[in-house]
Amino acid sequence: MTGSAAGGRRGPVRPARRPVRHPARGAARRSPQRTTALSGLAGLAATLLVAGPAAGVALAGPSPVPARLPAATTTQCTQEKTQYVAEAPPALTRLAAERAWRSATGAGVLVAVVDSGVDPGNAHLTSAVVPGVDLVGVAGDPAGRTDTAGHGTAVAGQIAARWRDDLGSGVVGLAPAATILPVRVYYADDDRAREQGVAPDATRMAAGIDAAVAAGARVVNVSMSTPNDTPALADAVRRATAAGALVVASAGNRNTSSDETDGPRYPAAYDGVLAVTAVDVDDRPAGDAIHGDHVDVAAPGTNVLTTFHAAGDCMLSGEGTSTSFATAYVSAAAALLAERYPEETPAQWAYRLEVTAARAQPAERDDMVGWGVVRPDAALEFVDDGTAPGPVSPVHGRAAAQAADVRTVDVSPREDPLAGARAGAVWWGIGGTAVVLLAALAARVAGRRRRG
């Protein structure tokens with residue numbers, strides 16, 4: 001259940017938007033209906049699946065295909081031509097961002113993006129990105145501020161893109177005052193990168209989580225997954241949780257895995273991780289996403305308007321859904337909570353997002369969307385008094401009413417061992433009552449005769 005925040009504490013409000021001006025010289029403004037990603041953008045709209053029993057090897061299945069809009073387009077997003085989109089990201093309306101910003105904008109919260117790096121050359125990210133870590137060591141800034149694939153830059157923009165109305169752009173992140181820590185853990189997602197050992201792998205992903213926590217990140221975004229339960233990855237998650245950081249990870253994409261069956265993906269399935277799946281434009285479960293009992297929450301994962309390399313804005317994941325992008329929005333929501341409630345634990349932030357998520361049955365989760373589609377504004381206002389239906393509160397445990405709901409009650413008919421005795425007693429009672437009534441009637445008749 002929701003209510004006013006304890007103590008009535010108010011976070012910073014959304015900064016005033018600057019008036020829209022003409023784009024900077026050399027930049028072109030485009031409508032989101034006229035933009036799509038180039039095929040050269042490796043894995044940009046897909047959750048990267050690390051598979052195979054051998055450590056430090058390649059992804060499962062074919063390389064992810066780029067996101068494209070369903071309608072035919074005449075203009076593509078290219079790194080050679082900077083362009084800006086005047087409209088705001090459509091997901092922000094669905095996530096009630098304006099209401100959430102009345103309480104928090106992510107100020108003072110360090111969010112690690114464990115991914116392909118982040119390009120601070122994008123105008124939305126120049127002031128948002130701090131020096132990070134590069135664990136790949138190939139053609140990159142040692143501080144992680146290089147992004148050959150473009151995936152990490154897109155994710156970072158969803159989280160903390162700054163307003164640039166002066167460039168004619170409507171793009172902004174859900175946590176527009178958060179700080180991005182780039183942790184580069186792969187160079188590219190293709191056969192050559194796999195041969196050279198610079199494609200995504202679980203061991204480097206684990207090292208990236210450790211590096212993020214060592215740098216002080218409160219939220220760690222991992223828009224990657226593997227079907228393999230890897231000890232090094234599990235240990236990294238445990239260390240992150242113990243250090244007070246919330247790991248937010250994608251539940252997995254079906255169309256980028258050789259194993260298309262639903263089931264656990266890691267690190268999403270580890271205890272303490274907030275596992276995110278994607279929903280479509282109507283907030284329905286996405287067929288492209290992996291589902292299962294590891295799924296905790298869902299968020300928009302299609303038609304994602306965000307940052308594109310150093311080349312402005314681009315609409316991504318137009319034809320399908322991507323849990324990578326859904327994960328980024330949930331990480332941004334967690335950053336809002338970390339600012340608003342810095343004294344709470346990662347488990348409490350995750351609980352706020354789960355218990356306030358939109359779902360048909362408040363007391364029930366399912367394997368398609370977990371506890372439902374996140375509502376950052378409701379999570380910020382939620383007061384945990386132990387009575388809310390749904391997930392178990394990390395502070396109060398399961399409420400008595402919830403415990404009663406989940407107990408199994410046997411309603412099948414049972415034989416009553418005293419049924420015969422009870423039936424006999426009933427008949428004796430009826431017989432005795434009849435005798436008394438007859439006696440009383442007879443006495444009354446006899447009295448009338450004497451008076452007559």
Side-chain angles (χ1 to χ4, degrees), residues 1-3 47 91 94-96 100 174 219 221-222 225 237 241 246-252 262-265 267-280 282-287 289-301 321 323 325-338 340-341 344-399 401-406:
M1 51 189 295
T2 59
T47 302
R94 294 162 60 191
L95 295 169
L174 179 58
V219 179
N221 184 92
V222 184
S225 66
V237 166
T241 303
L246 176 62
V247 178
V248 184
S250 64
D262 289 329
R265 298 296 190 270
Y270 293 130
D271 289 341
V273 177
L274 190 60
V276 185
T277 192
V279 290
D280 63 17
D282 297 314
D283 286 345
R284 294 175 302 192
I290 294 294
H291 305 113
D293 60 9
H294 66 299
V295 174
D296 294 317
V297 293
T321 52
T323 58
F325 295 150
T327 300
Y329 280 132
V330 175
S331 288
L336 300 180
L337 293 170
R340 182 71 177 81
Y341 302 101
E344 292 189 351
T345 65
Q348 287 175 280
W349 300 333
Y351 173 68
R352 284 179 174 276
L353 291 168
E354 292 170 343
V355 75
T356 59
R359 54 187 178 275
Q361 300 296 326
E364 299 176 7
R365 72 164 293 283
D366 62 51
D367 288 350
M368 301 299 287
V369 294
W371 289 107
V373 181
V374 293
R375 298 188 299 160
D377 60 321
L380 286 161
E381 297 172 357
F382 175 73
V383 176
D384 183 10
D385 59 5
T387 63
V392 179
S393 166
V395 175
H396 301 282
R398 185 173 296 280
Q402 292 187 59
D405 288 340
V406 298

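- Qualifying side-chain hydrogen bond (donor to acceptor under 3.5 Å, both in side chains) partners for Glu364, counting only residues two or more places apart in sequence or in other chains: none.
- Looking at residues two or more places apart in sequence or on another chain, you find no side-chain hydrogen bond (donor to acceptor under 3.5 Å, both in side chains) involving Asp293.
- What you find for Ala347 and Pro394 is that their closest heavy atoms are O-CG, 3.9 Å.
- The structure places NE2 of His396 at 6.5 Å from CG of Asp385, a figure rounded to the nearest 0.5 Å.
- Tyr270 contributes atom OH, which lies 12.5 Å from atom CZ of Arg265 (distance to the nearest 0.5 angstrom).
- Partners of Ala278 according to the side chain to side chain contact (heavy atoms under 4.5 Å, CB included) rule, which considers only residues two or more places apart in sequence or in another chain, are Thr321, Thr323, Ala326.
- Atom CG of Leu95 is separated from atom OH of Tyr329 by 7.0 Å, given to the nearest 0.5 angstrom.
- Residue pairs meeting the salt bridge (charged side-chain N to carboxylate O under 4.0 Å, His left out) criterion with at least one member in residues 344-354, sequence neighbours excluded: Glu344-Arg352.
- For the atom pair CG (Leu274) and OG (Ser250), the distance works out to 11.5 Å, reported to the nearest 0.5 Å.
- Here the side chain of Arg375 pairs a donor or acceptor atom with the backbone of Thr356 at under 3.5 angstrom.
- In this structure a side-chain-to-backbone donor-acceptor pair under 3.5 Å is missing from Asp377 to Ala100.
- Between Val248 and Val222 the shortest side-chain heavy-atom distance does not fall below 4.5 Å.
- With a 4.5 Å cut-off on side-chain heavy atoms, Val330 and Val297 count as touching.
- Residues meeting the side chain to side chain contact (heavy atoms under 4.5 Å, CB included) test with Ala298, sequence neighbours left out: Thr277, Val279, Val369, Val373.
- Summarising the geometry of Val295 relative to Ala251, their closest heavy-atom pair is CG2-CB, 4.0 Å, with the distance given to 0.1 Å.
- Partners of Asp271 according to the side chain to side chain contact (heavy atoms under 4.5 Å, CB included) rule, which considers only residues two or more places apart in sequence or in another chain, do not exist here.
- Here OG1 of Thr241 is found 7.5 Å from CG of Leu246. Values are rounded to the nearest 0.5 Å.
- Every residue two or more places apart in sequence or in another chain was checked for a side-chain hydrogen bond (donor to acceptor under 3.5 Å, both in side chains) with Asp366, and none qualifies.
- Residues meeting the salt bridge (charged side-chain N to carboxylate O under 4.0 Å, His left out) test with Asp367, sequence neighbours left out: Arg365.
- Asp283 contributes atom CG, which lies 4.5 Å from atom CZ of Arg94 (distance to the nearest 0.5 angstrom).
- When atom types are taken as modelled, the side chain of Tyr341 and the backbone of Leu380 share a donor-acceptor pair closer than 3.5 angstrom.
- Checked against side chain to side chain contact (heavy atoms under 4.5 Å, CB included), Pro362 has the following partners two or more places apart in sequence or in another chain: Pro389.
- Evaluation of the salt bridge (charged side-chain N to carboxylate O under 4.0 Å, His left out) rule for Arg359 yields no partner, not counting sequence neighbours.
- Tyr351 is listed as a side-chain neighbour of Asp384, based on a closest heavy-atom distance under 4.5 Å.
- For Asp282 (side chain) and Arg284 (main-chain N/O), no donor-acceptor pair under 3.5 Å exists by modelled atom type.
- Closest of all the heavy-atom pairs between Pro376 and Leu174 is CG-CD2, 4.2 Å.
- A donor-acceptor pair is defined here as one N or O able to donate and one able to accept, closer than 3.5 Å; such a pair exists between the side chain of His291 and the backbone of Ala286.
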